[in-house]
Protein chains: 2
Amino acid sequence: MVKKNVTIHDIAKELNITASTVSRALNDHPLISDSTKERVRKVVKKLNYQPNTVAANLRKGKANTVGLVIPRINRIFFANIISGIESVLNEAGYNIIITQSEENLDKEISNIQTLINNRVRGIIISHSKASKNGKHFQKIIDNGIALVQFDRVLENINCSNVTNDNRNGSYEATKHLINQDYKKIAFFGGPQHINIYKNRYLGFIDAMKEKNIPIDKSLVFNNAVTRESGFNTLAELHKNNNLPDAIYAVSDYSALGALLYCQNTNIKIPDEIGIVGFLNEPFCEFITPSLTSLNQFGVSMGESAAKLCLEQIISKEINFSKKVIISPQLIIRDSSNRKKESI
Amino acid sequence: MVKKNVTIHDIAKELNITASTVSRALNDHPLISDSTKERVRKVVKKLNYQPNTVAANLRKGKANTVGLVIPRINRIFFANIISGIESVLNEAGYNIIITQSEENLDKEISNIQTLINNRVRGIIISHSKASKNGKHFQKIIDNGIALVQFDRVLENINCSNVTNDNRNGSYEATKHLINQDYKKIAFFGGPQHINIYKNRYLGFIDAMKEKNIPIDKSLVFNNAVTRESGFNTLAELHKNNNLPDAIYAVSDYSALGALLYCQNTNIKIPDEIGIVGFLNEPFCEFITPSLTSLNQFGVSMGESAAKLCLEQIISKEINFSKKVIISPQLIIRDSSNRKKESI
DNA sequence: CTGAAAGCGCTAACAA
DNA sequence: TTGTTAGCGCTTTCAG
């Protein structure tokens, strides 16, 4: 038997009052008498009434819902972000609809459309690698929905965002290598149309310039963010007799690939080659040698993104655009510490 | 300026037809002429109409939405689960509302209530450590909402679930240690009221019994799932001159704690102590010595849970209750492989 | 193939 | 302090 949902009307009938009174009582309206509220509460229990948020949302013309569009949920960085977002939004009484783009532009677009159709108040998004511009983001803004980008940010869209200070982080990482007397530093980077990778490259350049070290283009790679590519890139350099004495990799995975290549070929880390990664994945601490890396504060980033989103929702401003920049932290470990600095 | 949403009525007016025709056209109803559909499509574009799913859901009395209740999103196992769930449900046209209980019973209860109020069609849940019984789950079933538990499962609730074969996994892990000629095996377990921990204990017992090794109660611990507790538990055993020659830890974190303790005190792994963990966290592969562990297939578990949920939603059965059991895979690494078996 | 009419469950202005 | 009334935007039965 499919049972019919109990409604406010059913409660009203039971008490010989009207639906509006019941509604008000349920929402703890100040003008409703305590006795009425109490009677309503009793009948709610008795009939096992469950409020219908969908109906309330429709009537109010808005829902306390925020949508998330994430490339991949099962990356620890994104999982941390989601966790931070959830804490803040749940606390504020908001629901979260989660979607993943799987680095696919079409899926990203359709996820955004779904969220718009569900009349979310805000969308928090980190775009897929396939998104080269923010045309599909404009629709969010045009529909009066708060928009916050994080981590990966498309610059041509006027909205709030939360990012790592990738450039400065890279600068610090590179400077650290230079201070360790590494001279021939390879850069294992990512696609330059993605702003985080671009900024990581710029920070690398900043440090090299500051220390008057010319950039050797044969040591700069913009497609080396995976374990395989890290391994292969270093192998290629080795084969060409062009081994660097240090690698700054903008992803721990390519750093890992390079590290494994060194282990395979008996290149000593950090003596012959120093390695620094980015992300501070959990394995950095435990691998041998432990891997120097830049820690991003995922949970904090998520919290900030959620707060910006709430702020915009509450302010109702259309051109709301605040930027939060979070500094990554260089965690110096064995893989780059050949001067044995105390850490 | 806050712009008013364009509705089906606006489209109808524009075309001098009725809202019902527009609605049908939008839903590709077979009885609507192609020309009408085409005209509607044009006006949709022109007016930039965004369908309102909330209203449609209310009218249809149901939404294609499923809720998730997860202890912590930022654990890679749960992140994998969520990812698997998302893929399947998104494919089927469902939205996902995500919540985390943070191991807190009150939050779990309120999350469930929120989901019920949002009229989700199904709830997929892994309960918090604070949930000792499923009283609060019954409400889900009573409201005709599909319920699927995964991983951590409360047994007194009649619903579908997806679990690891924790008992058999533990059995295999323990047998592996015994086959490696370890004789004095410590068990670092978790709270026995949580069924996964209980089953992991039972599997341990199974193997020990099969091999006629008596259980030494002084080596059995039921509160050792964290890095700290793994470290301290082993330290305590050491202090008491009661060092085991192997540890089977039901969590990689306590295995890690034990491993670090061995490193600190120069106990040789795997020669003096063999260690096996559970979860196959990414660091297992990279730590030295690499850590033998049981891999759980999180993404598959998520996919299975989502499929069971969909199946129940479609079947509309009240007493739907299927069980999917996924076998964890023992990945033998250096930490327990003292006979140097080829892996 | 299209229209008329009713209503999903709730809330809120206005009235009393 | 409560009731009346209207309607959020959509779908669907029944009628034509």
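Everything quoted here is computed from the prediction, not taken from an experiment. Just so we're on the same page: letters track the sequence lines, and every chain starts at 1.
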Colleague: If you find the nucleotide of DNA chain D closest to H29(A) and the one closest to L58(A), which residue's nucleotide is nearer the 5' end?
Modeller: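 Its nearest nucleotide being more 5', the pick is H29(A).
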Colleague: Under 3.5 Å, is there a donor-acceptor pair between the side chain of T53(B) and the main chain of N117(A)?
Modeller: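 Side chain of T53(B) to backbone of N117(A): a pair is present.
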Colleague: DNA chain C: P51(A) or L31(B), which has the more 5' nearest nucleotide?
Modeller: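 Nearest-nucleotide comparison on DNA chain C picks L31(B).
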Colleague: Please, which pairs that meet salt bridge (charged side-chain N to carboxylate O under 4.0 Å, His left out) have at least one residue in residues 99-112 of chain A, sequence neighbours excluded?
Modeller: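 Sorted result for residues 99-112 of chain A: E102(A)-K107(A), E103(A)-R152(A), K107(A)-E86(B).
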Colleague: Rounded to the nearest Å, what distance is computed from the CG atom of residue N52(A) to the P atom of nucleotide dG7(C)?
Modeller: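 It works out to 18 Å between those atoms.
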Colleague: Run the side-chain contact (heavy atoms from CB on, under 4.5 Å) test against E38(B) and tell me which residues pass, sequence neighbours left out.
Modeller: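 side-chain contact (heavy atoms from CB on, under 4.5 Å) list for E38(B), sorted by chain: R41(B), K42(B).
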Colleague: Distance check needed: dG7(C) C1' versus N5(A) CG, whole Å only.
Modeller: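 Rounded to the whole Å, the gap is 15 Å.
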Colleague: With each end axis built from five pairs of C1' atoms, what bend angle do you get for the helix from dC1(C)-dG16(D) to dA16(C)-dT1(D)? Round to 10°.
Modeller: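 Axis-to-axis angle, ends of the helix: 30°.
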Colleague: Would you indicate, yes or no, if dT4(D) has its OP1 or OP2 atom less than 4.0 angstrom from a side-chain nitrogen or oxygen of T18(A)?
Modeller: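 T18(A) to dT4(D) OP1/OP2: no side-chain N or O under 4.0 Å.
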Colleague: If you compare all heavy atoms of V69(A) against all heavy atoms of S101(A), which two are closest, and at what distance to 0.1 Å?
Modeller: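 Minimum heavy-atom contact is CG1-CB, 4.5 Å.
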Colleague: Could you list the residues that satisfy salt bridge (Lys or Arg N to Asp or Glu O under 4.0 Å) with D28(A), not counting sequence neighbours?
Modeller: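 By the salt bridge (Lys or Arg N to Asp or Glu O under 4.0 Å) rule, D28(A) matches K37(A).
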Colleague: Please confirm whether the backbone N or O of Q312(A) pairs with a side-chain atom of S315(A), one donor and one acceptor, at under 3.5 Å?
Modeller: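 Yes, S315(A) side chain to Q312(A) backbone: donor-acceptor pair under 3.5 Å.
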Colleague: For the pair made of CG in L15(A) and P in dT2(D), what is the distance, rounded to whole Å?
Modeller: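 Whole-Å distance recorded here is 11 Å.
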Colleague: List the protein contact pattern of nucleotides 11-16 of chain C with one symbol per nucleotide (5' to 3'): B for base contact, S for sugar-phosphate-only contact, - for none; contact means a heavy-atom distance under 4.0 Å.
Modeller: BBB---
Colleague: Using whole Å, report how far CG of D10(B) lies from P of dC8(D).
Modeller: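 Atom-to-atom, D10(B) to dC8(D), this comes out as 11 Å.
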Colleague: Quick one: does any side-chain atom of S23(B) pair with a main-chain N or O of A19(B) as donor and acceptor, under 3.5 Å?
Modeller: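 Checked: no pair found.
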Colleague: Given atom CG of D28(B) and atom P of dC1(C), what is their separation to the nearest angstrom?
Modeller: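 Going from CG in D28(B) over to P in dC1(C) covers 13 Å.
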Colleague: Mind calculating the distance between CD1 (I11(A)) and P (dG9(C)) to the nearest angstrom?
Modeller: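 Roughly 13 Å, once rounded to whole Å.
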Colleague: Over all strands shown, is T53(B) touching base, sugar-phosphate only, or nothing at heavy-atom distances under 4.0 angstrom?
Modeller: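 No contact.
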Colleague: Give the rounded distance in Å between these two atoms: CD1 of I17(B) and P of dC10(D).
Modeller: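 Taking CD1 of I17(B) and P of dC10(D), I get 14 Å after rounding.
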Colleague: For dC8(D), does either OP1 or OP2 sit under 4.0 Å from a side-chain N or O belonging to T7(B)?
Modeller: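 No, because none of the side-chain N or O atoms of T7(B) sits under 4.0 Å from OP1 or OP2 of dC8(D).
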Colleague: Under the rule for side-chain contact (heavy atoms from CB on, under 4.5 Å), what residues qualify as partners of T163(A), not counting sequence neighbours?
Modeller: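 Result, side-chain contact (heavy atoms from CB on, under 4.5 Å) vs T163(A): V153(A), N161(A), I325(A).
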Colleague: Determine yes or no for a side-chain-to-main-chain donor-acceptor pair under 3.5 angstrom, with S126(B) supplying the side chain and F150(B) the backbone.
Modeller: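 Such a contact is found between S126(B) side chain and F150(B) backbone.
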Colleague: If I take atom CG in residue N57(B) and atom P in nucleotide dC10(C), what distance separates them, rounded to the nearest angstrom?
Modeller: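 About 15 Å, once rounded to whole Å.
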